[in-house]
Amino acid sequence: MAAEPTGAGPATFQARVLALVARIPPGRVMTYGQLALLAGAPGAARQAGQVLNGLMGHTELPWQRVINAQGRISTYKVGVGEVQEGLLRAEGVAFDDTGRCDLDTLQWWPEDAPDRAVPPAPLW
DNA sequence: TCCCTGACCGGCT
DNA sequence: CAGCCGGCCAGGG
């Protein structure tokens, strides 16, 4: 088999991203760059986005809980963004007038995240 | 095989 | 605060 670290979950980047998305609790969010980082590919935020691109409407994963580093919804297709925002609001996520939410309180990090330099993320 | 694009990101102007 | 730029990796023509 390939030289792959054990205990890190699925081997492929895509599978690891999906595994992370599946663990995001309701009312919390993760960013594309964060997913890429935790999936072992720092800087590959675009790839994370590309993975999720194929999911929309084809999965039961909480794809709506993934937003960009600005705290905004990144969908380029008209209508999809509205759906995503609606789903998130239904979970208790608040958006301001500029369509932005507070990552300081809503961004979620896995308990076993390698990087411990994580924001407080107080319970809401 | 080369070229281009893409649900992004951080830094700089 | 807004806009431009290079960098990342994968997939498609």
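Given the structure is predicted, the values throughout are model-derived calculations rather than measurements. Labels below follow one simple rule: chain letters A, B, ... track the order of the sequence lines, proteins then strands, and each chain is numbered from 1.
- Per the geometry, CD belonging to A:Gln107 stands 10 Å off P belonging to B:dC9, to the nearest Å.
- Regarding A:Leu52, its CG atom lies at a distance of 10 Å from the P atom of B:dC8, rounded to whole Å.
- At whole-Å resolution of the value, CD in A:Gln14 and C1' in B:dA7 are 14 Å apart.
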Distances for protein N or O near nucleotides 4-6 of chain B N or O, under 3.5 Å:
from: B:dG6; atom 1: N7; to: A:Arg46; atom 2: NH2; distance (Å): 3.1
from: B:dG6; atom 1: O6; to: A:Arg46; atom 2: NH1; distance (Å): 3.3
from: B:dG6; atom 1: N2; to: A:Gln47; atom 2: OE1; distance (Å): 3.0
from: B:dG6; atom 1: N2; to: A:Gln47; atom 2: NE2; distance (Å): 3.0

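- Within 4.0 Å (heavy atoms only), A:Gln84 reaches at least one base atom of the nucleic acid.
- In this structure a side-chain-to-backbone donor-acceptor pair under 3.5 Å is present from A:Glu91 to A:Gly27.
- Distance, A:Tyr32 OH to C:dA10 C1': 17 Å, rounded to whole Å.
- A straight line from CG of A:Leu35 to P of B:dC9 spans 10 Å, rounded to a whole angstrom.
- Atom CG in A:Leu37 sits about 13 Å away from atom P in C:dC9, given to the nearest Å.
- Going from atom CG of A:Leu88 over to atom CG of A:Leu106 covers 9.0 Å, rounded to the nearest 0.5 Å.
- Between the side chain of A:Thr31 and the backbone N or O of A:Ala69, no donor-acceptor pair lies under 3.5 Å.
- Remark: the backbone N or O of A:Gly71 is not paired with any side-chain donor or acceptor of A:Gln107 at under 3.5 angstrom.
- Using a 4.5 Å cut-off on side-chain heavy atoms (C-beta onward), A:Gln34 and A:Trp108 make no contact.
- A:Leu103 places its CG atom 13 Å from the C1' atom of B:dC8, with the value rounded to the nearest Å.
- Atom CZ of A:Arg72 and atom P of B:dC9 are 12 Å apart (whole Å).
- Out of B:dC9, C:dC9, B:dA7, the shortest distance to the side chain of A:Ala69 is found at B:dC9.
- Here the shortest heavy-atom pairing between A:Leu52 and A:Tyr32 reads CD1-CE2, 3.6 Å.
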